Enquirer: 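To start, I am sharing the structure in question, which I have written as structure tokens.
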Amino acid sequence: MMRGCKRALALGLTGILTLSVPFGAMAAIEKPEKMDDATWARLQDNVLEYDEISDLVEYYNPTYRQIVEQIEINAQPMEEAARELRKSADEMDSDAKDIKDLDPVMYKGMREAVKGYRDAAERFDKAVTSVHNQTRHQLSRVKKMTVSGLQQMMIGYYQAMASREILDTAVALSQAAYESSITQQSLGMATATDVQAAEKALQSARGQLKTLDDTMTNLRQQMCVMTGWSYDADMQLGDVPAPDFAKVQAMDLERDLERAIGNNYTLIEQRGISGKGDANRTAKFRIMDDTEAQVKIQLESAYQGILESRTAYEAANVAFQSAQITMNGNDLKYQMGMLGNLEYLQLKMAYLQQKAAARTAALSLTQAIENYGWIVQGLEGQSAN
């Protein structure tokens with residue numbers, strides 16, 4: 001089903017949004033002029049892709065859209081006043097021309113009124129510009145924070161998914177062990193206590209799997225609502241891209257620090273604080289110096305996080321490749337009847353752990369690269385996974 005039929009707000013979803021406006025009013029957004037048809041068509045399908053998050057936030061995130069609409073509400077009266085003043089000025093200018101020769105005195109008075117109307121309209125235009133300028137950084141910050149948060153949610157979802165296959169196999173292994181204990185009990189090779197312990201282990205494995213599934217469902221619901229779907233939409237989730245090593249190669253700490261300091265939203269606010277008087281100016285610059293020092297620490301920490309995540313990623317991939325070779329051999333032995341079910345499942349668990357470690361390492365590296373980029377773009381530093 002296309003997105004246009006799906007989009008709606010689920011305001012009852014706890015802990016996600018605190019809005020009181022229906023999303024129906026925002027669902028009928030027309031294609032932006034700056035966007036090509038192919039990109040817009042992708043946004044309307046029923047798939048949430050990682051590279052679509054920024055556009056989805058801008059056009060469909062309810063919190064962001066509410067801020068945009070509130071800005072327009074604040075500016076609208078002044079825009080309407082400017083239009084009315086210009087309209088009145090044009091009408092009076094036309095009337096003045098008609099009486100220019102008949103009544104020069106009245107003509108002069110009307111021309112002065114025309115000028116007054118147009119001057120007033122210009123002041124309203126400046127007021128509108130001021131409203132937009134004052135909110136521009138706030139709006140940009142909200143969007144970046146929302147996009148960053150959604151990226152982390154999607155990465156977190158796939159990190160959870162990396163563990164799901166392990167837990168699913170753990171349930172199968174526990175089920176097989178429980179059934180084996182019952183068989184052994186019937187042969188006098190196991191006690192009732194052994195059976196109870198096996199049953200408890202099975203219940204525990206099932207509980208862990210359910211907890212993980214609940215976590216993934218919650219993450220999915222939050223991503224749906226924050227990108228414009230209803231919380232229970234049958235939305236498909238695109239994959240997280242592999243780590244972008246080209247971005248890592250392009251990183252330059254000294255250059256990127258200058259950009260991070262220039263873009264940092266806290267510093268932008270501090271620069272705008274009035275610093276009248278020597279004491280106030282001294283205090284202002286001291287605060288700004290402290291903030292710049294914090295930005296430097298955050299950026300260097302994020303870069304170090306990338307290096308550590310990359311080392312872990314490379315090691316995990318080597319281990320997984322070795323585990324894959326071993327597992328291929330175990331699959332063949334199992335097919336040939338050389339491995340029993342319990343033994344095979346135990347070996348498969350070890351393989352899946354290596355597989356999950358490699359997947360998690362890739363996701364962690366992608367997150368570390370994103371964290372660095374967001375600091376450069378002005379957000380506060382985030383801890384690497």
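For the single chain, residues carry numbers from 1 onward in sequence order. Predicted, not measured: the structure shown is a model, and the values here were computed from it.
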Enquirer: My understanding is that only residues two or more places apart in sequence, or in another chain, count here; which of them pass salt bridge (Lys or Arg N to Asp or Glu O under 4.0 Å) with D252?
Expert: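 For D252, no residue satisfies salt bridge (Lys or Arg N to Asp or Glu O under 4.0 Å) once neighbours in sequence are set aside.
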Enquirer: Cut-off 3.5 Å, side chains only: do Y265 and K144 have a donor facing an acceptor?
Expert: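 Y265 vs K144: donor-acceptor pair found between side chains.
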Enquirer: Less than 4.0 angstrom from a charged side-chain N to a carboxylate O is my criterion; do K348 and E165 meet it?
Expert: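 Salt bridge flag = no for E165 with K348.
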Enquirer: Fit a plane to each ring of Y344 and Y334, take the angle between them on a 0 to 90° scale, and name the class: parallel (under 30°), tilted (30 to 60°) or perpendicular (over 60°).
Expert: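 Taking Y334 first and then Y344, their aromatic rings lie parallel (interplane angle under 30°).
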Enquirer: Please name the pair of heavy atoms, one in G238 and one in Y158, separated by the smallest distance, quoted to 0.1 Å.
Expert: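 Closest heavy-atom pair between G238 and Y158: O-OH, 2.9 Å.
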Enquirer: Any salt bridge linking R42 with D51? Criterion: basic side-chain nitrogen under 4.0 Å from a carboxylate oxygen.
Expert: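 So R42 pairs with D51 through a salt bridge.
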Enquirer: Where do N263 and I268 come nearest, in terms of heavy atoms and distance?
Expert: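 Shortest heavy-atom separation between N263 and I268 comes out as O-CD1, 3.6 Å.
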Enquirer: For T266 and E380, does a side-chain donor sit closer than 3.5 Å to a side-chain acceptor?
Expert: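 Side chains of T266 and E380: pair found under 3.5 Å.
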Enquirer: Going by atom types alone, do W229 and D234 pair a side-chain donor with an acceptor below 3.5 Å?
Expert: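 Result is no, nothing qualifies.
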Enquirer: Report yes if the side chains of R118 and D90 come closer than 4.5 Å at any heavy-atom pair, otherwise no.
Expert: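 Side chain of R118 against side chain of D90, heavy atoms only: contact under 4.5 Å found.
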Enquirer: Run the salt-bridge test on R359 and D239 with the 4.0 Å N-O cut-off and return the result as yes or no.
Expert: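 Salt bridge present between R359 and D239.
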Enquirer: If we ignore angles and hydrogens, is there a donor and acceptor under 3.5 Å between the side chains of D55 and Y60?
Expert: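 No.
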Enquirer: In terms of side-chain heavy atoms, does T39 have a donor or acceptor partner in D36 at a distance below 3.5 Å?
Expert: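 D36 and T39 do have a side-chain donor-acceptor pair below 3.5 Å.
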Enquirer: Assess the side chains of N328 and Q324: does a donor N or O sit below 3.5 Å from an acceptor N or O?
Expert: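 A pair is found: one side chain offers a donor N or O, the other an acceptor, under 3.5 Å apart.
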Enquirer: Distance alone, cut at 3.5 Å: any donor-acceptor contact between the side chains of D194 and T191?
Expert: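 Judged by distance alone, the side chains do pair up.
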Enquirer: For a quick test of reading the model, state the closest non-hydrogen atom pair linking S174 to L202 and the distance between them.
Expert: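 Closest pair (atom of S174, atom of L202, distance): CB-CA, 3.6 Å.
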Enquirer: Can you confirm whether the side chains of D331 and Q335 place a donor and an acceptor under 3.5 Å from each other?
Expert: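 The answer is no; no qualifying pair exists.
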Enquirer: Quiz question: by atom type and distance under 3.5 Å, do the side chains of E80 and Q76 form a donor-acceptor pair?
Expert: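 Side-chain D/A pair, E80 to Q76: present.
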Enquirer: For Y157, give me all partners under ring-ring contact (aromatic ring centres under 6.0 Å, His included), at least two apart in sequence or on another chain.
Expert: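 Once residues adjacent in sequence are excluded, Y157 has no partner under the ring-ring contact (aromatic ring centres under 6.0 Å, His included) criterion.
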